[in-house]
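Below: one structure, written as structure tokens.
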Amino acid sequence: MAVRKLKVLLVANRGEIALRIIRTARAMGLRTVAVYSEPDANSAHVAAADDARLIGPAEAAKSYLNIAAIIEAARETGADAIHPGYGFLSERPDFARAVDASGIIFVGPRAAAMAQLGDKVAARKLAIAAGVPVVPGIETAEPAAARAFAAREGYPILVKAAAGGGGRGMRVVEAEAGLDAALEAASREALAAFGDGRVFVEKYLARPRHIEVQFLGDEHGTVITMGERDCSIQRRHQKIVEESPAPGLGAATRDAMLAAATRLAQAVGYTNAGTAEFLLDRDQAGEKFYFLEVNARLQVEHPITEIRFGCDLVAEQIKIARGEKLAAPGVPRGHAIECRINAEDAAAGFRPATGSVLELRVPAGPGVRFDSYLTRGSEVGAFYDGLLGKLITHGADREQARARMLGALDEIAILGVTTTAGFLRDVIASEAFADADLSTRFIEEHCSGWPSEDRAMSEAALIAAALTAAGALGAGSGQRAISNSSGETTDRSPWRALRGFELWRRP
Amino acid sequence: MAVRKLKVLLVANRGEIALRIIRTARAMGLRTVAVYSEPDANSAHVAAADDARLIGPAEAAKSYLNIAAIIEAARETGADAIHPGYGFLSERPDFARAVDASGIIFVGPRAAAMAQLGDKVAARKLAIAAGVPVVPGIETAEPAAARAFAAREGYPILVKAAAGGGGRGMRVVEAEAGLDAALEAASREALAAFGDGRVFVEKYLARPRHIEVQFLGDEHGTVITMGERDCSIQRRHQKIVEESPAPGLGAATRDAMLAAATRLAQAVGYTNAGTAEFLLDRDQAGEKFYFLEVNARLQVEHPITEIRFGCDLVAEQIKIARGEKLAAPGVPRGHAIECRINAEDAAAGFRPATGSVLELRVPAGPGVRFDSYLTRGSEVGAFYDGLLGKLITHGADREQARARMLGALDEIAILGVTTTAGFLRDVIASEAFADADLSTRFIEEHCSGWPSEDRAMSEAALIAAALTAAGALGAGSGQRAISNSSGETTDRSPWRALRGFELWRRP
Amino acid sequence: MKLKSGAREYEVEIVSRDGRTLRARVDGREVSATIEELGDASAILSIGERRFRLLGARRKDAILVAVGPRTFDFVPAESGARRARGGLAASEVTAPMPGKVLKVLVKDGDRVSAGQPLVVIEAMKMETALAAESDAMIKRVRVAPGDNIDHGAVLVELSPVPDSSANQSERGAR
Amino acid sequence: MKLKSGAREYEVEIVSRDGRTLRARVDGREVSATIEELGDASAILSIGERRFRLLGARRKDAILVAVGPRTFDFVPAESGARRARGGLAASEVTAPMPGKVLKVLVKDGDRVSAGQPLVVIEAMKMETALAAESDAMIKRVRVAPGDNIDHGAVLVELSPVPDSSANQSERGAR
């Protein structure tokens with residue numbers, strides 16, 4: 001069935017996605033190769049692979065974006081295929097071309113399709129040609145033209161990078177005063193993130209939902225879709241909570257979205273896994289959806305689709321790359337939710353956080369999956385995206401998936417780097433989420449001013465701090481428990497340390 | 001829909017099953033109460049529950065088998081229901097009766113049905129009456145009668161406890177010489193384990209498979225089945241690897257088994273979750289199955305059924321206990337495998353092992369579920385069953401589930417107590433398992449003499465020991481990594497400890 | 001002990017512990033709770049009907065605690081950010097995380113008002129503007145665009161606004 | 001260093017480590033491997049084409065290591081079970097785990113042969129028979145049915161079989 005040999009897979013990525021890809025490749029009997037930057041030498045994806053190569057220093061531009069070093073690593077290790085994961089080089093046509101040129105299989109779409117879809121301006125044209133509705137906008141960021149467009153359509157307007165995705169190089173402009181600054185900042189961010197500073201401008205929908213369709217295409221012209229994902233809950237235009245199916249989405253709208261995604265894929269002869277993103281607007285007239293973009297890669301939130309459809313999308317990608325023919329998708333089952341645990345301070349505008357993981361407790365149980373690269377001792381630096389892990393729960397219905405998510409979030413504890421786990425817990429517990437009142441403005445509408453005052457919790461935190469200072473809680477006490485093998489609770493009790501309530505002194 | 005109120009659930013058990021039940025109850029919005037013996041005061045199920053009560057000292061007879069203390073704990077905490085888990089009091093009609101008598105809901109079958117099925121002799125009669133084939137045997141253990149039966153049917157014969165299950169109080173007798181000793185030992189074990197020393201004798205099938213059917217019954221007379229599980233891989237008559245569906249089982253045989261299970265359940269008006277166990281014999285004539293026993297409780301290996309059917313059996317048990325009507329089962333999907341990680345030394349006849357967990361690495365990833373109560377610092381004593389955790393993997397087919405199990409087992413590391421993880425890894429990797437050459441003699445046929453000599457692995461182990469002695473590996477080095485927040489690899493490197501190759505000294 | 005989290009100060013003392021019963025004084029309030037230690041070095045603290053899972057760790061610069069999935073960083077009050085002087089919330093603007101300076105929006109001697117952005121840095125591919133916490137004079141700018149900065153690096157030194165001593169003392173009193 | 005695991009003795013030395021290259025001597029054989037430390041205090045050791053994940057821990061009585069899911073317990077050879085004397089594999093039979101004595105099958109002065117069960121104990125609800133590792137005389141039985149026993153407790157003391165000193169020394173020489 002496979003038309004070409006694929007035995008050794010190099011994963012050109014890091015973090016949870018590199019680990020997740022390696023796990024599937026291993027289960028398919030492939031030999032796996034990790035690449036890593038200097039600070040990632042001790043990282044979990046390096047441990048999981050059969051072989052690993054250092055490809056450069058911390059800066060992504062010199063390591064995970066270093067095409068020459070990655071292809072050299074593939075040559076050295078005899079890799080016959082490269083999986084780019086998401087982010088980094090995953091949507092860079094020049095990388096896909098360079099891989100092809102080296103006679104290595106690129107596990108992803110062809111460079112040409114990637115280029116066409118990766119350029120938002122070109123993708124917009126494509127969508128229009130394929131009869132897929134698009135948001136009103138102009139394909140330039142020339143200040144005067146942008147001003148004119150805004151005057152016509154009215155503020156707010158959205159400034160977007162032509163390249164890349166993931167919300168980088170994106171700015172909402174509320175009033176004319178901020179326009180020039182936004183164009184400049186977006187362009188600078190886009191240049192830094194994707195090496196392409198072009199931006200363009202479109203109408204900003206007031207309260208849309210973000211709904212996307214997973215699709216797969218093979219070399220034999222087959223295109224299948226695997227349902228939709230609602231990714232409306234975002235901060236800074238980046239998703240933090242995703243679920244599938246999209247609650248309350250009309251059957252007719254869903255069918256139309258799946259059909260639109262199929263047309264988009266067919267229009268470029270798409271191969272491998274991709275996602276068509278749409279904005280859903282609701283008014284008296286009913287549901288209307290608009291083309292947003294196509295992400296020509298595996299999506300961060302792909303696991304919620306895997307769990308519903310009982311498939312392994314990375315395995316499908318590898319089979320497609322081998323030249324195999326796609327099977328019909330399974331029948332979806334139940335409801336799945338994903339929460340992204342990021343290294344950010346949700347109480348400070350989601351400011352990126354760094355640190356080393358001193359203590360770690362991860363959730364488990366029925367319907368719970370935690371894709372993460374974290375271990376005790378992990379260093380979270382400022383060099384890369386702050387995604388620490390993805391907590392995914394599944395249930396027979398949305399309420400069971402939601403309840404399991406709540407329980408799983410309550411089992412998480414990560415000390416040493418500030419994460420969004422506590423914030424996400426309150427999001428999932430909120431009435432608005434329970435009622436599935438979803439829109440891309442969810443966070444500002446329902447979570448502004450988080451965290452709300454909670455006296456009992458503050459008291460618990462302060463008592464915990466006092467106990468920790470006294471060596472009566474955490475690693476200290478844990479180590480005592482561990483260094484002692486007698487197992488008598490009295491021996492293990494750290495409370496003796498509390499006698500005299502020694503105060504904490506700075507080293 | 002619910003005919004009676006169930007808001008606070010007391011879990012009369014410990015370890016992984018107590019934790020697993022609490023997780024589901026929590027997700028159903030119930031308040032949960034844990035009970036624990038003195039050595040379990042720090043255990044994970046105590047942490048997970050909303051409330052917890054000490055019910056006695058280590059000896060199960062004075063704690064987890066202490067009916068009065070458990071019912072008192074339920075009264076104190078306002079529990080309106082009790083889930084017995086498996087083992088301990090789960091199949092004790094007197095417990096079910098005592099719970100009823102206290103006006104508390106027992107999450108399990110009615111005492112009468114339990115008594116009828118729990119007594120193997122009565123259950124055998126029931127099976128015969130229900131037209132379910134049984135293994136030739138006699139309903140007594142009177143030595144002379146047993147000798148006569150053995151003379152008639154030929155050795156080996158099997159001595160079994162009339163009460164309980166799980167292989168305790170079971171002895172295979174290969175020759176007449178061992179008969180008396182076996183009857184005595186089985187009776188003594190049965191008395192210790194179930195408080196009932198009655199044993200009986202039956203023909204021992206040479207190379208059967210153990211296949212069981214999951215069924216559920218509600219108060220409205222509905223009985224549904226949820227497929228079968230193959231639990232042939234056993235040591236000491238206790239399951240260690242289970243899977244669903246049963247590989248290569250004929251469709252006609254499967255249907256007949258499901259029908260037989262339904263008849264057994266209906267014959268006693270069974271409510272809640274139960275399992276009908278059968279032995280499958282294969283000869284020229286084809287597949288023949290024999291009734292073994294009905295376990296009137298949740299089974300250890302229930303998760304493989306949950307994953308295939310996309311259901312939560314504990315949630316179903318609670319709904320049934322509330323008086324709700326059962327829905328039709330979902331359509332099963334894919335293949336699931338479970339490995340039981342026990343505190344045992346597989347290289348020494350599965351001798352029970354004890355200790356405290358010094359280091360712990362647990363597996364994760366797509367299709368992987370690990371139900372365990374272990375944490376760093378857990379004490380594994382000799383008081384209770386040695387099940388530390390259940391590793392469950394799921395796949396689109398058996399081979400994917402098997403490959404994922406292999407990968408997941410390779411991610412496990414438990415230091416401080418000897419476990420069966422390494423043994424199970426070799427079982428799953430074996431050709432015999434890959435070929436699904438399953439029978440209850442699997443271990444003796446394919447794993448005798450485990451572990452086979454592996455020079456590279458021995459060398460790795462000895463090098464690891466030398467590094468650990470030098471403080472260059474494990475908690476020591478880890479602690480150094482953790483107590484240091486600078487994150488510079490050089491600072492974190494424990495290798496400096498190796499200069500001069502200090503030798504290990506006993507404290 | 002006095003602890004500081006962000007701008008807020010707290011005082012906490014463990015008054016007594018008798019078995020599982022723990023009594024503490026938090027900002028002058030008596031708090032009684034029950035505590036269960038767990039084998040994994042965490043603990044369950046019950047205050048009234050609430051039940052919290054606690055975990056703690058010490059780092060040279062802070063005490064970190066987790067209450068369920070929420071985490072809190074504390075520093076001893078006396079070792080926290082420098083006391084406000086002359087109405088300054090802080091006498092320096094420091095880098096909240098390692099990264100790179102993109103833009104410097106002020107120069108030595110400028111007068112800035114509370115909330116005014118001073119420096120734009122980039123970390124994890126996101127731009128973050130660092131603003132003055134209070135009205136101040138720019139004493140010295142210590143970085144330039146393109147500089148790589150570590151966590152805690154001083155970017156800008158501030159001094160009080162000369163002609164506002166009156167309401168400074170007020171502020172000091174608040 | 002000399003290490004003992006079960007009955008077997010080993011000798012291992014780390015000869016050198018240069019970056020990721022590690023050279024060791026194991027039972028006289030030269031072994032060269034590459035090692036990668038991981039952030040979680042484990043390491044990856046590669047010997048030829050084989051790749052092992054290592055984890056280690058020290059306990060007062062042993063060094064414990066994990067090689068993937070397999071675990072190994074080592075004790076320093078000199079501190080292991082007493083050296084065999086007069087053909088005895090061990091001069092005592094000790095409890096392999098905590099539990100309860102069910103049956104004592106021998107009495108002081110009995111002569112027993114290798115493999116003969118001496119005591120039956122129960123732990124985790126399973127019966128385990130403890131047998132003599134070599135021919136021996138029962139010097140003293142130190143437990144009775146019903147006794148609760150700790151891990152390592154001495155159950156039976158053994159002495160050499162008097163009239164077999166010849167093949168004892170042979171055994172000793174092996």
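What's counted below: heavy atoms across the whole structure, side chains too, no hydrogens, waters or symmetry copies. Proteins come first, then strands; the chains are lettered A, B, ... in the order of their sequence lines, and each starts at number 1.
Note that CG of D/Leu64 is 12.5 Å distant from CD1 of B/Ile414, once rounded to the nearest 0.5 Å. A distance of 10.5 Å separates CG in B/Asp410 from CZ in D/Arg53, rounded to the nearest 0.5 Å. Rounding to the nearest 0.5 angstrom, the gap separating the CZ atom in B/Arg455 from the CD1 atom in D/Ile47 is 10.0 Å. Note that CG of D/Leu55 and CZ of B/Arg361 are 4.5 Å apart. Values are rounded to the nearest 0.5 Å. Separating the CD1 atom in B/Ile412 from the CZ atom in D/Arg70 is a distance of 14.5 Å, to the nearest 0.5 Å. How far CG of B/Leu415 is from CD1 of D/Ile63: 12.0 Å, rounded to the nearest 0.5 Å.
Using a 4.5 Å heavy-atom threshold, the side chains of B/Leu467 and D/Ile35 count as touching. Looking only at side-chain heavy atoms (C-beta outward), D/Phe72 and B/Leu462 stay at 4.5 Å or farther from each other. Looking at B/Arg188 and D/Lys103, their side chains come closer than 4.5 Å, going by heavy atoms from C-beta outward.
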Item to complete: Go through D/Asn148 and B/Glu59 one step at a time and tell me if the side-chain contact (heavy atoms from CB on, under 4.5 Å) criterion holds.
Response: CA-CA 12 Å; D/Asn148 287 314; B/Glu59 302 91 283; over 6 Å; no
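Judged by distance alone, with hydrogens and angles left aside, the side-chain atoms of D/Arg58 form a donor-acceptor pair with the main-chain N or O of B/Ala469 at under 3.5 Å. In terms of modelled atom types and a separation under 3.5 Å, the side chain of B/Arg425 and the main chain of D/Pro69 share no donor-acceptor contact.
For D/Gly56 against B/Glu359, the heavy-atom pair with the smallest separation is O-CG, 4.2 Å. When every heavy atom of D/Leu22 is checked against every heavy atom of B/Ile463, the shortest pair comes out as CD2-CG2, 3.8 Å. The nearest pair of heavy atoms linking D/Val65 to B/Ala461 is CG2-O, 3.7 Å.
Within a 6.0 Å radius of CD in D/Glu30, more than 12 heavy atoms belonging to other residues, nucleotides or ligands are found.
Only the side chain of D/Arg8 comes within contact range of chain B, judged by heavy atoms closer than 4.5 Å. With a 4.5 Å cut-off on non-hydrogen atoms, B/Asn342 does not touch chain D at all. For D/Leu54, the parts sitting under 4.5 Å from any heavy atom of chain B are the backbone and the side chain alike.
Chain D forms the most heavy-atom pairs under 4.5 Å with one residue out of B/Ala421, B/Ala460, B/Ala413, and that residue is B/Ala460.
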